[in-house]
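Beneath this line is the structure, given in structure tokens, with notes to follow.
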Amino acid sequence: MKKIMNDPGQIVEEMLQGLVKSYSEVVTRVADSRVVARAEMTPQVGLVSGGGSGHEPAHAGFVGDGMLSAAVLGDVFTSPTPDQIQTAIQTADQGQGVLLIVKNYTGDILNFEMAKELAEMEDIAVELVVVDDDIAVENSTYTAGKRGVAGTVLVHKILGDAARQGASLSELKALGESVVAATKTIGVALRAATVPEVGKPGFELAEDEVEFGVGIHGEPGYRREKMQTSHDLAVELVDKLLAAYEELPASIGVLVNGMGGTPLMEQLVFMNDVLDLLAEKDVNVTFHKVGNYMTSIDMQGLSLTFIALETAWQTALASKVTTISW
């Protein structure tokens with residue numbers, strides 16, 4: 001294993017230090033915590049997200065005006081603790097309550113719900129939206145039900161815009177649940193991620209194999225196949241995502257997300273194939289974005305997300321924000 005690091009056990013701490021020093025005009029770190037918060041808070045409902053480290057730029061990269069108020073980081077692929085999440089809630093609260101945006105993993109759900117209860121004991125109004133956009137498998141390691149993956153970033157963006165415009169806590173919760181229901185994702189892996197403290201890949205794929213439906217922590221997918229062209233990979237993912245909708249949406253947004261080890265060149269080739277396939281099917285694409293947004297350390301692969309768009313959501317996705325990574 002070759003990685004640019006010092007002590008594997010300190011990699012999250014040193015990453016956090018580097019993040020805040022590099023982008024101090026956008027974010028700050030709450031003392032004695034794993035919480036990254038907006039450098040300047042505004043009077044609105046606070047939005048908090050987070051989870052295990054290793055998915056950068058998620059979630060700290062989306063803290064700032066128009067997206068998250070704060071993000072809380074756990075160890076690599078490990079949920080943050082309830083007390084750390086509670087600190088994020090306290091920091092984000094500006095008197096109008098806090099909405100937690102949580103990916104659907106058992107540890108995250110338990111710890112965020114416990115932090116919610118702790119904050120409510122301090123008279124902070126807290127609601128929770130669970131993102132479960134991964135349609136690849138119904139149940140997998142770490143979770144009961146569908147996993148939360150790259151579509152979470154689109155939830156951050158749409159809810160962040162609504163919060164900035166003054167939406168209430170209850171309105172944001174309802175909006176979040178609608179956005180989650182409209183969002184579908186599938187990933188494909190060419191090579192597994194290597195957790196720094198483990199020192200070897202989380203699973204093995206032969207040089208000529210890919211795995212469809214793999215999770216962002218290396219959870220198993222639904223099928224292994226021989227390596228295919230970008231076009232053929234796109235056919236598999238596009239067809240499965242469209243089939244997940246009861247009826248074809250009037251317009252959709254498309255997110256091609258790199259898993260951390262895939263060059264942007266290859267992501268763009270894949271996006272080209274996806275958009276050509278959708279055009280052939282007369283699918284109206286009104287938003288598209290490509291890049292690394294929800295990674296899996298150095299996994300080679302990518303994920304494809306569709307969101308059935310309403311006009312207001314499309315406007316929200318196009319709105320300007322001040323964050324590190326959007």
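Starting from 1, each residue takes its place in the sequence as its number.
- Between the side chains of Ser325 and Thr323, not a single donor N or O lies within less than 3.5 Å of an accepting N or O.
- Closest approach of Ala316 and Lys157 over heavy atoms only: O-NZ, 2.6 Å.
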- request: Step by step, work out the side chain to side chain contact (heavy atoms under 4.5 Å, CB included) result for Leu110 and Thr106.
  value: CA-CA 6 Å; Leu110 290 173; Thr106 302; 3.9 Å; yes
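- Annotation: side chain to side chain contact (heavy atoms under 4.5 Å, CB included) contacts of Leu277 (sequence neighbours excluded): His231, Ala234, Val235, Val238, Glu280.
- Gln314 and Thr286 form a side-chain donor-acceptor contact under 3.5 Å, judged by distance and modelled atom types alone.
- Residues that satisfy the side-chain hydrogen bond (donor to acceptor under 3.5 Å, both in side chains) test with Thr152, not counting sequence neighbours, are absent from this structure.
- With sequence neighbours left out, the side-chain hydrogen bond (donor to acceptor under 3.5 Å, both in side chains) criterion links Gln17 to Glu13.
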- request: Show your working on side chain to side chain contact (heavy atoms under 4.5 Å, CB included) between Val76 and Val12 and close with a plain yes or no.
  value: CA-CA 7 Å; Val76 175; Val12 174; 3.9 Å; yes
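- Remark: Thr28 pairs with Ala37 by the side chain to side chain contact (heavy atoms under 4.5 Å, CB included) rule, at least two apart or across chains.
- With values rounded to the nearest 0.5 angstrom, Ser33 atom OG is found 9.5 Å from Leu73 atom CG.
- Salt-bridge check for Lys184 with Asp132: failed, with every basic side-chain N at 4.0 Å or more from each acidic carboxylate O.
- Within the structure, ring-ring contact (aromatic ring centres under 6.0 Å, His included) contacts touching residues 259-300 (residues at least two apart or in different chains) do not occur.
- The list of ring-ring contact (aromatic ring centres under 6.0 Å, His included) pairs with a residue in residues 297-326, not counting sequence neighbours, is empty.
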Residues Asp161, Gln165; criterion side chain to side chain donor-acceptor pair (under 3.5 Å); working and verdict: CA-CA 6 Å; Asp161 185 71; Gln165 294 186 44; 2.7 Å; yes
task: Show your working on side chain to side chain contact (heavy atoms under 4.5 Å, CB included) between Asp273 and Val269 and close with a plain yes or no.
output: CA-CA 6 Å; Asp273 290 325; Val269 168; 4.1 Å; yes
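- Sorted by first and then second residue, the salt bridge (Lys or Arg N to Asp or Glu O under 4.0 Å) pairs involving residues 226-236 (not counting sequence neighbours) are Asp208-Lys226, Arg223-Glu236.
- Scanning both residues, Thr183 and Gly151, for their nearest heavy atoms gives CG2-CA, 3.8 Å.
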Side-chain donor-acceptor pairs of residues 41-54 under 3.5 Å, sequence neighbours excluded:
from, atom 1, to, atom 2, distance (Å)
Thr42, OG1, Gln44, OE1, 3.2
Ser49, OG, Ile101, O, 2.7
Ser49, OG, His156, NE2, 3.0
Ser53, OG, Gly74, O, 2.7

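- Gln96 pairs by the side-chain hydrogen bond (donor to acceptor under 3.5 Å, both in side chains) definition with nothing, not counting sequence neighbours.
- When the side chain to side chain contact (heavy atoms under 4.5 Å, CB included) test is applied to Val27, the partners found at least two apart in sequence or on another chain are Tyr23, Val36, Val63, Ile324.
- Leu309 CG to Thr315 OG1: the interatomic distance, rounded to the nearest 0.5 Å, is 10.0 Å.
- Distance CE/Met265 to OG1/Thr262: 13.0 Å, rounded to 0.5 Å.
- Proximity of a side-chain donor or acceptor of Lys146 to a complementary backbone N or O of Val131 within less than 3.5 Å is not detected.
- Screening Thr295, Asn257, Asp133 against Ser303 for a side chain to side chain donor-acceptor pair (under 3.5 Å) leaves a single residue, Asn257.
- A cation-pi contact, defined as under 6.0 Å to the ring centre and within 45° of the axis, links Lys240 to Tyr222.
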message: Determine whether Arg147 and Asp108 satisfy the following criterion, salt bridge (charged side-chain N to carboxylate O under 4.0 Å, His left out), listing intermediate values before the conclusion.
response: CA-CA 11 Å; Arg147 304 172 294 215; Asp108 286 353; over 6 Å; no
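- Here the NZ-CD1 distance, from Lys3 to Ile297, works out to 6.0 Å after rounding to the nearest 0.5 Å.
- In terms of the side chain to side chain contact (heavy atoms under 4.5 Å, CB included) criterion, residue partners of Arg224 (sequence neighbours excluded) are, by chain and number, Phe203, Leu205, Glu209, Glu211.
- Closest non-hydrogen pair, Ala88 versus Val72, comes out as CB-CB, 4.1 Å.
- Note on Leu169 and Leu159: same hydrophobic cluster, where clusters join Ile, Leu, Val, Met, Phe, Trp and Tyr whose side-chain heavy atoms are under 4.5 Å apart, directly or indirectly.
- Atom CE of Met259 is separated from atom CZ of Arg191 by 13.0 Å, given to the nearest 0.5 angstrom.
- Note: Leu242 CG to Leu248 CG = 6.5 Å, rounded to the nearest 0.5 Å.
- Considering all non-hydrogen atoms of both residues, Gly301 and Leu190 come closest at CA-CD1, 4.1 Å.
- Here Asp65 pairs with Arg164 under the side-chain hydrogen bond (donor to acceptor under 3.5 Å, both in side chains) rule; sequence neighbours left out.
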- prompt: Between Gln267 and Asn292, is a side chain to side chain donor-acceptor pair (under 3.5 Å) present by the stated rule, with each step listed?
  reply: CA-CA 9 Å; Gln267 296 177 43; Asn292 291 333; 3.2 Å; yes
task: Report the C-alpha distance between His59 and Met294 in whole Å, list the side-chain angles of each, state the deciding distance to 0.1 Å, and finish with yes or no for side chain to side chain contact (heavy atoms under 4.5 Å, CB included).
output: CA-CA 8 Å; His59 296 277; Met294 178 77 70; 3.7 Å; yes
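- Side chain of Ser296 to main chain of Met299: no donor-acceptor pair is present (N/O by atom type, distance under 3.5 Å, no hydrogens or angles).
- Taking each heavy atom of Val129 and Glu177 in turn, the nearest pair found is CG1-N, 4.3 Å.
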